[in-house]
Structures are given as structure tokens and as C-alpha cells.
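This one's a predicted model, so the numbers in the text were calculated from it and none came from an experiment. If you read the sequence from its start, that first residue is 1, and numbering goes on from there. Both counts, for ligands and for their atoms, begin at 1 and track the order of listing.
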Amino acid sequence: MRRYLMAGNWKMNLTPSEAKKFAAELAANIKDLDKDVDVMIAPNFTSLAYVKEAIAGTPIKLGAQNMNDNEKGAYTGEVSADMLLDLGVEYVILGHSERRDIYKEDNALINKKVKFALAKGLKVVLCIGEHLEEREAGITANVVKKQLEEGLKDVSATDMANVVIAYEPVWAIGTGKTATPEIAEATHQDIRNILTNLYGSKIAEDVTVQYGGSVSDANVDNLMAQKNIDGALVGGASLKLAPFTKIAKFEKV
Ligand code: PGA
């Protein structure tokens, strides 16, 4: 049985003091969850320790937004897996389109990070998704196939138990233009088929595949009602208390 993962990606928002306050308010709202739902928030690195404290004793899990692919050493400005683990981080988001587009991370680097994180015992949220031109050219399935094949290269079937895929069409991120549930579901079905080819149907059926891109409290229930959509990776709406609480406690329709 696969699980839902409702996750907040706070990006480069909230100072440590703001993050601490917001996480405490969220923690007060989320004391219990359906048994097949996980909730995770990913603050920036500087806020991890505060947020860890604020969510202690609640079902909310801690995530990070990025990680370096080396053990340790002369990598100025970078953060290692051990540093994240030491702060109680359970999930790391890798391959977000902002990392790919702004910081030029390619599938090969993302794959190194994915393998390194898994070897360290972190759970990975691997983000994939097409740009508008790619969707308009009708090549969405090819784009996500390449991102999955290269991003998951040499990731074992066993390790897939610790991998979540986040499908985030780039044209829907931060734009208010959510993919309709039907458009999202069609690509999620393609993703499930690609995972079946890579790992077989048993494993592919168990992988949580989140949707991301302008998810809000208004559209979450209809997105989650789709057969192959198992959660959400939420940017903008994860910075608003009431909407994110509603997203975490979405209604199963
Ligand atoms: P958004 O961001 O919800 O603001 O569109 C989603 C994301 O980038 O993960």
C-alpha cells in the first residue's frame, strides 16, 4: 500500500525566527493524521534546528531542500548528508526545477546526490517535470522518462522504498496555473509505467508519486482523488498556515 506525502517546500523564505514561529503554529494544527498520510516540511538549512524542535512530538517530518554529493571537505557553502542527519532530517528534496534551471544541476549530478543520500539513509524526493515548450511539443513523457532513467541510474529496487517522485510541471510552479487533475493524472500514469519498466509492477505500484505546481487548499482534494497522485509538493501555499493545514488534512473524495 503506498502512502500519501503532503510536503511543504519553503524555498528561500522565512528567517529562522519566522520559521520557528510558523512551525510551532503548524505543529499545533497537525497533531494527528490519517494512517496512510505523511506530512513533511522543508525549511532552509538555517532553520532546520529550530523547526526540528518546534515539530517534536508531532507526526510532521523534517526535510531539506538540497544536499551535496560528497562526504565532507573543501566544498565552500555546501551542506552534507551527515549534517542533515545530525539535525533529524528524514527527507531531502533533490532535482527541483529551480536547482536544475538556476543552478544548472543536470541528471548526472542529481543521480550522484540521490545515490549518496540513499546510502546515508535519507529518504529522497526526486523532482522531475517538463517545461512549457516541451509540453507544447508533445514530448512530456520523453522528458520525464529521461529524468527518471538518468536520475535513478543504479538505484536498486530495494532503495526505491526510500524514494518519492515529485512530478512538477515547470510551467505550473509558482504561476497559479495548476495542471488539471486529468492532465496531471495522465503524466502520473506515464511515470508509473516508466517505473514499471525500470523496476517491475510490484515496486512501481508502491512508489509515492507527488504532484507539485500551484497546489492549494482549493484544488488539493481533486488532485488527490486521482488514482496515481499520492501527495503534493507545495511551495507558495505551504507558507500559509490555514491553507497548508487543509492540504495536510485533505479530504479523500
Ligand atoms: P508552488 O511551488 O506550489 O509555489 O507552485 C511548488 C514547488 O516548487 O515545489
Item to check | Thr175-ligand 1 polar pair, N/O distance under 3.5 Å | outcome: no
Checklist outcome for this item: If we number the atoms of ligand 1 from 1 as shown, the ones under 4.0 Å from a heavy atom of Ala172 are 5 (O)
Next on the checklist: Donor-acceptor check, side chain of Glu78 to backbone of Tyr75, threshold 3.5 angstrom: yes or no?
Outcome noted: no
Item to check | Close-contact set for ligand 1 against Gly236 heavy atoms, below 4.0 Å | outcome: 1 (P), 3 (O), 4 (O)
Item to check | Ligand-residue contact atoms, ligand 1 with Gly213, heavy atoms, under 4.0 Å | outcome: 5 (O)
Item to check | Glu168 neighbourhood, listing ligand 1 atoms whose heavy-atom distance to it stays under 4.0 Å | outcome: 6 (C), 7 (C), 8 (O), 9 (O)
Item to check | Distance-only donor-acceptor check, side chains Tyr167 and Glu130, under 3.5 Å | outcome: yes
Checklist entry - Are the charged groups of Asp38 and Arg3 less than 4.0 angstrom apart, N to O? => result yes
Item to check | Lys/Arg-Asp/Glu bridge criterion (N-O < 4.0 Å) met for Lys246, Glu251 | outcome: no
Item to check | Interfacing atoms of ligand 1 (cut-off 4.0 Å, heavy-atom, Gly235) | outcome: 1 (P), 2 (O), 3 (O), 4 (O), 6 (C)
Checklist entry - Which heavy atom in Asn222 sits nearest to a heavy atom in Pro181, and how many Å separate them? => result O-CB, 3.8 Å
Checklist outcome for this item: Honestly, for Asn9 the part within reach of ligand 1 (heavy atoms, under 4.0 Å) is side chain
Item to check | Minimal non-hydrogen separation, Phe116 against Asn70, with atom names | outcome: CZ-C, 3.6 Å
Item to check | Interfacing atoms of ligand 1 (cut-off 4.0 Å, heavy-atom, His96) | outcome: 7 (C), 8 (O), 9 (O)
Checklist entry - Which atoms of ligand 1 are found less than 4.0 Å from any heavy atom of Gly174? => result 1 (P), 4 (O), 5 (O)
Checklist entry - Taking the inter-plane angle between the rings of Phe22 and Trp10 on a 0 to 90° scale, is it parallel (under 30°), tilted (30 to 60°) or perpendicular (over 60°)? => result perpendicular
